[in-house]
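Atoms within a ligand are numbered from 1 in the order they appear, just like the ligands themselves. What you are looking at is a predicted structure, and each value in this text was computed from that prediction instead of being measured.
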Amino acid sequence: MKKKITIEYQEFKSITSLPEDDALLLKEAVSATDLSYSPYSKFRVGAAVRMANGQILKASNQESAAFPSGLCAERSVLFYAFSKYPGVAVEALAIAAKKGKKLTATPTRPCGACIQVMLDAQNRGGKPVKVILGAAEKIEVISSVNDLIPFSFDNL
Ligand code: THU
């Protein structure tokens, strides 16, 4: 039997059309790109999370001379958030990236390893994590991590 999985997401033309709290979070992700340490890839990624206690935390990708050792912005911010507030749910995660000084034209989609950790975060919090992918020409909003990984690993 053939089966099909469909996912839904929203597309916005600019940051001004996002709800205020999401626009703020995306601005934090954009500002985090300037804190990236990416001398090898020259791809500066920023991520920001909004937590259920109202805290907003941001982080960036950090590379190493032993490239590809290093960590993506998304995992950096999620591990940081859970180190600081282990029992608090993540409500939303925003991502942005720059090549050089310029915001990418199209959204940067998280890698597989980051999506898994985003799913872990969602399961820990017990409610959907909204994912906001920012870029110069459009913004994509995915309302649950399940839409990024419909065939997810689950060992619980
Ligand atoms: N990177 C991220 O930080 N997040 C992503 O979603 C994609 C990739 C980083 C890893 C590496 O430092 C650089 O971008 C190039 O792959």
Donor-acceptor side-chain pairing of K98 and T33 below 3.5 angstrom: yes
Within reach of ligand 1, part of S41 (heavy-atom separation under 4.0 Å): side chain
Shared hydrophobic cluster, V88 / Y80 (ILVMFWY, side-chain heavy atoms < 4.5 Å): yes
Proximal atoms of ligand 1 relative to F43 (non-hydrogen, under 4.0 Å): 14 (O)
Proximity flag R109 to ligand 1, non-hydrogen atoms under 4.0 Å: yes
Atom 14 (O) of ligand 1: any protein heavy atom closer than 4.0 Å: yes
Pairwise side-chain contact, E63 with P39, heavy-atom cut-off 4.5 Å (strictly under): yes
Q122 versus N146, side-chain donor and acceptor atoms under 3.5 Å: yes
Protein residue, atom and distance nearest to atom 9 (C) of ligand 1, heavy-atom basis: N61 ND2, 3.5 Å
Neighbour count above 12 (heavy atom, 6.0 Å) for K27 NZ: no
Proximity flag P110 to ligand 1, non-hydrogen atoms under 4.0 Å: yes
Residue and atom name of the nearest protein heavy atom (relative to atom 3 (O) of ligand 1), distance in Å to one decimal: A73 N, 2.9 Å
Enclosure of F67 CZ (heavy-atom neighbours >12, cutoff 6.0 Å): yes
Modelled atom types, side-chain donor and acceptor of K138 and T106, under 3.5 Å: no
Donor on one side chain, acceptor on other, Q62 and S76, under 3.5 Å: no
Nearest non-hydrogen protein atom, atom 7 (C) of ligand 1: T108 CG2, 4.3 Å
Nearest-neighbour protein heavy atom for atom 11 (C) of ligand 1, which is reported as residue plus atom name and distance: E63 OE2, 3.3 Å
Atom 10 (C) of ligand 1: the protein heavy-atom neighbour that sits closest, reported with distance to 0.1 Å: C72 SG, 3.9 Å
Heavy atom of the protein closest to atom 4 (N) of ligand 1 (residue, atom name, distance): E74 OE1, 2.8 Å
